[in-house]
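Here the structure is laid out as structure tokens; the discussion comes afterwards.
Labels below follow one simple rule: chain letters A, B, ... track the order of the sequence lines, proteins then strands, and each chain is numbered from 1. The structure presented is a predicted model; accordingly, all values stated were derived computationally and were not measured.
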There are 2 protein chains.
Amino acid sequence: MPPETRERILETAARLFHEQGYAATGIATILREAGVNAGSLYHFFPNKEALLAAVLKRYEALLQPVVLTPQETAHSDPVERVFGLLAWYRAGLEATGCRLGCPIGNLALELSDTHPEVRPLIDVNFRNWASGIERWLDDAAERLPRDCDRARLSRFILTVMEGGIMQARTSNSLEPFDDSVAVLRDHFDRLLREKRRN
Amino acid sequence: MPPETRERILETAARLFHEQGYAATGIATILREAGVNAGSLYHFFPNKEALLAAVLKRYEALLQPVVLTPQETAHSDPVERVFGLLAWYRAGLEATGCRLGCPIGNLALELSDTHPEVRPLIDVNFRNWASGIERWLDDAAERLPRDCDRARLSRFILTVMEGGIMQARTSNSLEPFDDSVAVLRDHFDRLLREKRRN
DNA sequence: ACAGCAATTGAATGATCATTCAAGTTCAGT
DNA sequence: ACTGAACTTGAATGATCATTCAATTGCTGT
């Protein structure tokens, strides 16, 4: 294993970008907190933006093992997986006092316009996230209305999560997140009830 | 009128914070684009964060005349006001090629954690926005289910808007926004249909 | 033992950062 | 005309920004 240093830089950068944002995080801070010299960082990453790209690649790799698989093993019911995932994000908010939020969502709003090279990497993260949910919804296809667009619904779940997190952070309260999830649950109840009627 | 300068600084700062984010916008850029010297800016605003606070106060003042009133005059049906407002945001995305997004949402994710003094100002903006929607929903109360929590639903509309904008920007496509609005419309249809049954 | 490359050191670079301030200008009230 | 305050000028401040690089160390294959 050559580069344990590289991994430490990556972890530290990911944490600081999450805590402070990309522009607000200086290379010097990353170096200090990772216990590394400038030359080492620039040995592995040509510049700050490449470091960010590597962080986003890392998130991409962590999606299945860290985000999706735990819900898949915890819940056999695919609909419960969806709300288990939302509960997991909620737990993150609770643990941090409604801070941090979604690392990818934060970078999305900060950098989508101004960093054309990283925007696609954020996009892929969101797409993979939604695809994972969509697979769950496909497993519940027979309980949903026949005309239910599951790809659209999976993206909607991401919408609700990101929008709910945003309001939870600004209000410093879990209530807007919980309320958003409650309305989503209500919508699911109606979808599942409609099918039962058929 | 003494301070037309103050207004120009405020407008320029608002635009640049929207286009580039807060941390990524340097005072020098604001000065250049507003055609103002450093001393003038610091005559009106003690520091960068106070300038940001003034920008957020300005957004607060613009909510009713710029955001709410146009929908209220355009649509008498309160439910159509909701979707008219979403269509207005959509038009903004379309006009900019899915850039910029919601100025307040952007600042919310960038600064909620790290700038404790401005977080409440962002919060107030969101609360006023949701309160405006809630008033519309109250006007449609008799068409909605009796147990419908309209405050919760108004916040949900904000959730859908912000979450939809985020995905539209990262994917550089209106589709996720349109899809999110479509699911919200479906939910409203179900709410309105349920009532009709009573 | 040695060649050669990967990894690391850490000081230096010039640009840009937010902010300051003494000196000047403009203008309303008298 | 004169006072005083509001406003503007614009150069200077020191801190921090991302990045560079020549020199040094550590390790791997022979």
Could you work out, with side-chain hydrogen bond (donor to acceptor under 3.5 Å, both in side chains) as the rule, every residue matching B:T69, not counting sequence neighbours? B:Q64
Show me the pairs that pass salt bridge (Lys or Arg N to Asp or Glu O under 4.0 Å) and involve residues 102-120 of chain A, at least two apart or across chains. A:D113-B:R169
What integer distance in Å separates A:H43:NE2 from C:dA7:C1'? 5 Å
What residues form a ring-ring contact (aromatic ring centres under 6.0 Å, His included) with B:H187, not counting sequence neighbours? A:H187
With sequence neighbours left out, which residue pairs that include part of residues 13-24 of chain B fulfil the salt bridge (Lys or Arg N to Asp or Glu O under 4.0 Å) condition? B:R15-B:E19, B:R15-B:E33
Mind checking ring-ring contact (aromatic ring centres under 6.0 Å, His included) for B:Y89 and listing every partner two or more places apart, or none if nothing turns up? none
What N/O pairs connect the protein and nucleotides 22-28 of chain D at under 3.5 Å? Give each pair on its own line.
none

Under 3.5 Å, which donor-acceptor pairs link side chains of residues 156-165 of chain B to any protein atom two or more places apart or in another chain?
| residue | atom | partner | partner atom | Å |
| --- | --- | --- | --- | --- |
| B:T159 | OG1 | A:Q167 | NE2 | 2.7 |
| B:T159 | OG1 | A:S180 | OG | 2.8 |
| B:T159 | OG1 | B:R155 | O | 3.2 |

Would you please name every residue forming a side-chain hydrogen bond (donor to acceptor under 3.5 Å, both in side chains) with B:Y59, sequence neighbours left out? none
Can you check the A:N37 CG to C:dG10 P distance for me, whole Å? 5 Å
Contacts of A:R152 meeting side-chain hydrogen bond (donor to acceptor under 3.5 Å, both in side chains) (sequence neighbours excluded), chain-then-number -> B:D179
My understanding is that only residues two or more places apart in sequence, or in another chain, count here; which of them pass side-chain hydrogen bond (donor to acceptor under 3.5 Å, both in side chains) with A:H115? none
Looking at B:E4 and B:R8, is any side-chain nitrogen of the basic one under 4.0 Å from a carboxylate oxygen of the acidic one? yes
Is any side-chain nitrogen or oxygen of B:T5 closer than 4.0 Å to OP1 or OP2 of D:dC7? no
In the 5'-to-3' direction, what one-character label does each nucleotide of nucleotides 14-21 of chain C receive under the scheme B = base within less than 4.0 Å of a protein heavy atom, S = sugar-phosphate only, - = no such atom? ----SBBB
Give me the residues of residues 50-57 of chain A where at least one heavy atom lies under 4.0 Å from an atom of DNA chain D, by number, or none. none
Specify the separation, in whole Å, of atom CD of A:E4 and atom P of C:dA6. 19 Å
